Amino acid sequence: MFSNIENMQYLVIVLMIFAYSEAKSCNPCRCYRTKIDCSHKNISWIPNFSYFESVRYIDFSFNQITYIPDTKNLPSNIYLLDLSFNQIHDFGNGSLSDMKRLKYLNLSCNGLHSIPQGFQLPSSLSHLNVSSNLIHTFGKYPFENIQYLQSLDLYNNHFEYNRRIFYNGLFENLRRLKYLDIGKNSIGTKEPIYPDEIFCHLKSLQTLKIDSIPGASFGKGFRNLTKLRLLRIYNMGLAGYSSDYFENVSQITSLDLSCSLTPVTPSNEQGCYLRRIEKGAIAKLQKLKYLDISHNLKLGFCGLKNITHDLTKTQIKVLKARKITCPYGYSTVLFAKDIKPLNKTRIREIYMDQNRLEMLEDFAASYLPTSLRLLSLTYNRLRLGKYKTHGIFNLTGIHSLILNYQDQITMDDFSHWFVCDDFEETLECLSNRINVERNFDSDIEQSNHAKCENSNFKAMHSSSRVNTLINSFGTVMNFSQIKNKTIEFKSQDYLQNHHKWSLSFSKNHGNIKYWPYPFPRPENCTFGDDLFYISIIPPNLKRVEFQHSGLGDTVVPQFVSNDTLEEIIVSGNIYQYLLGPVCNVSKVKVLDLSGNSFVNISSYFFIGFIGLEKLYIQDNILSKVVMKFDNGELFSSQSKLKLLNISSNRLFELPEKLLQHTINLQVLDLSHNLLTDWNLTTVHLLKIKLIDLSFNQITFFSKNGMRKLEQSKSVKVNVLNNRFQCNCESLPFFSWMNKNKDIFVSYNNYTCKNITGDMINLKDAIIQLEKSCSSKIGLIVIVGACIILSIGLILGGVIYRYRWYIRYWYYSTKRRYFRGYVRLHDKPQYTFDAFVSYAEDDRLFVFNDLIEGLENDKGKKLCIHHRNFIPGCDISDNITNAIHESEKIVCLITKKFLESEWCNYELNIARVEGMWSRGGENMIIIVLMENISKKDLPIQIIELITNQTYIDYTDYIDMDIHVFIDMLNTAVED
């Protein structure tokens, strides 16, 4: 009997433990110590979480819940409850008043028709969000129990702005409220009004977001909101603001009049309807520091003028006028009068992005105040050749100049297409502003500002030996005999002689044919008799951004007017050749040249960037040119460099001493290239922390590569996502990795591919390979090597003997079956009369003499590989096709021709073509361009000149070139 009782007690304990474990279950949610995440679970019911006493935050968002949860199912100490994006239409009898510690309640994006009553909410609540519902009435005293509320979000509901909805005493209990958003609620309001006697109770309000609707204005009661600092107005159909509109909210420091970015429809254009702000309206806001008028597509620069006029009466620091014109239409011009009043302010930041701005009036920059620190003009239509630099030296305060995405269209512009029929308005606005400008004594103003500029030009040091100074955006500066002397610029001379210098430059250098620059290549920043382009920048500019704006194609020698720049961002352009050098940039720490697809760079391009710390040159094509820098010439001046990103450059090999001068390098990114091994010397890189070699073509490191990586102390190496193969050849490398696994990033994630194509973890692969690659491997390797060597020697001899026939058969077969081959005897005629085979050094002779004589004068059609080869095709394919399609092959024999692998290839393919496809036809015309001894000629050419007639060009050097052309033309026609 006693035993049965004990068994029953034991059973009860087990059942209690089981029941408690079921209660603690978190399915289908994710439970953490202080948070339960039930979002996006498509649930319509609320699990019992009352046992999770440590939880402070529960997220039920994005589900199908239709009711307010019972507080018995929730932890008693919950702090934040998120019920947004559900199907809750009303509170019903539900109540959260028992949750004494609840502070944040989010009920946004449901179907609520009314505000929860005060007794249904806990008195501890400080933040209530019921935005984007269907609420059209407040009910009776909804806030009487939540007097500690600090934030109330009623955005995007169905309230009407009248005294029936906003009744007396509505906000009386919200004396601690700091944030109130009742925007996007006034649609359909009749007889609108802002009942200021209701809002005057909000003594602690700091941020107010409200609709502006025709007929409503801020009454005197708003003066009682002494702590109000930010006013956000959603325009709901108001075409303009009167001069007294903001009279009773003069206490604010931030005013946001920007148009909502929600899609505008043809039937609801009111969202961006603002056309004017009367003069004097903004002037009432004497404490104003921040003003945003962005995305008002109808405002334009005509509407900007009154605003800049009023800002002189404020304490403005930031002005945002982004996209105040439609994204499509005629280009716009910024006149001096538009921004002249800003010269009397202490503004620090100006944003005028996306305004179709193409030009600035002369001296417009002079009116920007010296206090300006940041100027953003992105997504406009500015081009280097159209900039007005007059007055730019007056901008002594500007630190950041942002000019990204010129002539680019953002995707959100398409939603406003139909409201952009503003061509007539643009022309009318431009005409009115021009007429005003005609009454402006520009000569006096320009003279005064030119004098003002002289005092600021001395930011650049000077010399009387400066012969030529022209605008950097298209003209040249000549430094004659300037080495250790200072440089002095005189702006008057610069402005007065600009046109004369431009004409002189065009006259002297306009006829250059092959070398496009009127100066020798400078190899350092010591100025001799070389010509340099000058880039004029504000005297204290630190950061310039000019991304994705079509700049290119060659960076010629540059001299930056002031050595103040610290960051230069010019990524995403179309520079193809970085010639340089770029000088007077010793303080630049960050240089971003990524995404330009440049293929060439000079060894002295970076010589002026002696203070560079971060260099981004990824997403270019440096695979060939980088191999020229055997001794690290490219980065010879970058001893302070800490980060170098050369990823995505199609690099298949690197010079061993490429980084020998970058002694402070910490991060080297070589990912997304074609590297197969590691050969860089890093023993001198004492501070290197990370080498990223991920996404390359590495199968294993050679012994030399492993040895060099071991020399670096405390370095981390990332070789993830390479082509590791699980074979015996890779075993030494895998074993070395396992021994030095501490240096590899995420070592446990490395895998290799076995013979069946399966990916195997590296640790398991090492165990398998150690078993399969036994001691017999040495014997197998030796025997196999001997067999392969024997076969290779035999095949090599045969292949070498018939190498040209094999190449010819290969490309002929490839052409026949994969390129739409047409039998030669079926063709009525050849595409070309002759294919010209020549060395690169003879390119000028071909283009200037052969093409001119044979094509233009004799009517022959020549195939020139620089001109007629198809881009994207293999060179071998192009050569074979060209010879097939040409009746004759003209070979210009020089010493360079004999040294060229491709020239010899063209000659031998032509010989095989004549023997096999044309029945021994004499199709090769030999032209000896130089006196070359027969002993220096290959046997193929000796056979040709012995058995066939050839042309000796040296016999015609003293004659008229037309005699030689006539002889060659006769040979082509024969």
Side-chain angles (χ1 to χ4, degrees), residues 513-515 804 807-808 811 830-871 873-914 922-934 936-945 948-957 959-974:
K513 294 182 178 180
Y514 298 106
W515 173 243
W804 295 113
R807 285 189 177 185
Y808 176 79
Y811 287 110
Y830 294 97
T831 304
F832 303 97
D833 293 305
F835 168 74
V836 182
S837 176
Y838 60 94
E840 181 65 25
D841 289 3
D842 298 318
R843 180 179 177 182
L844 296 181
F845 175 80
V846 173
F847 278 80
N848 289 347
D849 296 328
L850 289 191
I851 292 179
E852 180 67 24
L854 290 178
E855 282 196 345
N856 298 342
D857 296 339
K858 303 298 183 180
K860 295 297 182 291
K861 188 173 183 181
L862 302 180
C863 179
I864 310 296
H865 73 264
H866 280 98
R867 181 185 66 183
N868 299 102
F869 277 14
I870 301 173
C873 291
D874 291 339
I875 298 177
S876 301
D877 285 345
N878 270 316
I879 292 172
T880 305
N881 291 336
I883 292 173
H884 269 293
E885 300 295 330
S886 302
E887 185 174 1
K888 298 288 185 178
I889 311 300
V890 178
C891 297
L892 305 182
I893 306 299
T894 62
K895 293 179 180 178
K896 292 293 184 180
F897 181 99
L898 301 177
E899 295 173 359
S900 172
E901 180 181 353
W902 287 116
C903 289
N904 281 279
Y905 181 86
E906 291 167 350
L907 175 62
N908 283 285
I909 289 297
R911 291 178 64 238
V912 177
E913 166 80 10
N922 180 14
M923 59 179 291
I924 300 176
I925 302 173
I926 297 295
V927 180
L928 294 178
M929 302 293 294
E930 301 173 354
N931 290 320
I932 304 175
S933 175
K934 281 192 175 183
D936 296 327
L937 293 174
I939 189 170
Q940 299 96 322
I941 296 179
I942 293 175
E943 290 177 0
L944 289 172
I945 64 177
Q948 301 174 14
T949 303
Y950 64 95
I951 301 175
D952 192 343
Y953 176 73
T954 59
D955 295 338
Y956 299 90
I957 291 178
M959 302 182 186
D960 190 279
I961 187 64
H962 293 93
V963 178
F964 168 76
I965 294 298
D966 290 338
M967 179 62 70
L968 183 57
N969 181 59
T970 302
V972 170
E973 291 178 346
D974 188 8

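From a predicted model like this one, the values you see are computed outputs, not experimental measurements.
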List the steps and the verdict of side-chain contact (heavy atoms from CB on, under 4.5 Å) for Val836 and Leu854.
-> CA-CA 11 Å; Val836 182; Leu854 290 178; 6.0 Å; no
Thinking salt bridges, do Lys860 and Glu973 make one under a 4.0 Å N-O criterion?
-> yes
How many angstroms lie between CG in Asp841 and CE in Met929, if you round to the nearest 0.5 Å?
-> 11.5 Å
Chi angles and distances behind the side-chain contact (heavy atoms from CB on, under 4.5 Å) call for Glu913, His884 = CA-CA 8 Å; Glu913 166 80 10; His884 269 293; 3.3 Å; yes
Considering all heavy atoms, the nearest Met959-Val963 contact = SD-CG1, 4.1 Å
Carefully, step by step, assess Ile924 and Cys891 under the rule side-chain contact (heavy atoms from CB on, under 4.5 Å).
-> CA-CA 7 Å; Ile924 300 176; Cys891 297; 4.2 Å; yes
Side-chain contact, heavy-atom cut-off 4.5 Å: Ile864 with Leu850?
-> no
Which residues pass the ring-ring contact (aromatic ring centres under 6.0 Å, His included) test with Tyr953, sequence neighbours left out?
-> Phe845, Phe964
For the residue pair Lys888 and Ala971, what are the closest heavy atoms and their distance?
-> CE-O, 4.0 Å
Nearest heavy-atom contact between Cys903 and Ser900 is N-OG, 3.2 Å
If only atom types and distance count, is the side chain of Asp833 paired as donor or acceptor with the main-chain N or O of Glu887 below 3.5 Å?
-> no
When you look at CD1 of Ile957, are more than 12 heavy atoms from neighbouring residues, nucleotides or ligands closer to it than 6.0 Å?
-> yes
Taking every heavy atom of Ala834 against every heavy atom of Val890, the minimum-distance pair comes out as CB-CG2, 4.0 Å
Can any side-chain N or O of Thr970 pair as donor or acceptor with the backbone N or O of Asp966 at less than 3.5 Å?
-> yes
Decide yes or no on ring pair (Phe, Tyr, Trp, His ring centres under 6.0 Å) for Tyr838 and His865, but give the supporting numbers first.
-> CA-CA 9 Å; Tyr838 60 94; His865 73 264; 4.8 Å; yes
Under 30°, 30 to 60°, or over 60°: which ring-plane class applies to Phe835 and Phe869, parallel, tilted or perpendicular?
-> parallel
Test side-chain contact (heavy atoms from CB on, under 4.5 Å) applied to Asp842 and Phe897, step by step = CA-CA 9 Å; Asp842 298 318; Phe897 181 99; 5.5 Å; no
If you round to the nearest 0.5 Å, how far is SG of Cys873 from CG of Asn878?
-> 5.0 Å
Output for pair (Tyr905 OH, Ile879 CD1), nearest 0.5 Å, gives 6.0 Å
Minimal non-hydrogen separation, Ala910 against Ile883, with atom names = N-CD1, 3.8 Å
At what distance, to the nearest 0.5 angstrom, does CD of Glu852 lie from CG of Asp857?
-> 5.5 Å
With rounding to the nearest 0.5 Å, note down the distance linking CD in Glu930 to OG1 in Thr894.
-> 5.0 Å
How far apart are the closest heavy atoms of Asp952 and Leu928, and which atoms are they?
-> OD1-O, 3.5 Å
Once you round to the nearest 0.5 Å, how far does CG of Leu892 lie from CD1 of Ile951?
-> 10.0 Å
Any donor and acceptor pair, going by atom type alone, linking the side chain of Asp960 with main-chain N or O of His962 inside 3.5 Å?
-> yes
More than 12 heavy atoms of other groups within 6.0 Å of Lys896 NZ = no
Heavy-atom check, side chain of Leu907 versus side chain of Ser837, under 4.5 Å | no
Taking only residues two or more places apart in sequence, or in another chain, which ones meet Ile945 in a side-chain contact (heavy atoms from CB on, under 4.5 Å)?
-> Ile926, Lys934, Leu937, Ile941, Tyr950
Under 3.5 Å, is there a donor-acceptor pair between the side chain of Arg867 and the main chain of Leu862?
-> yes
When you measure from the side chain of Asn969 to the backbone N and O of Ile965, does any donor-acceptor pair fall under 3.5 Å?
-> no
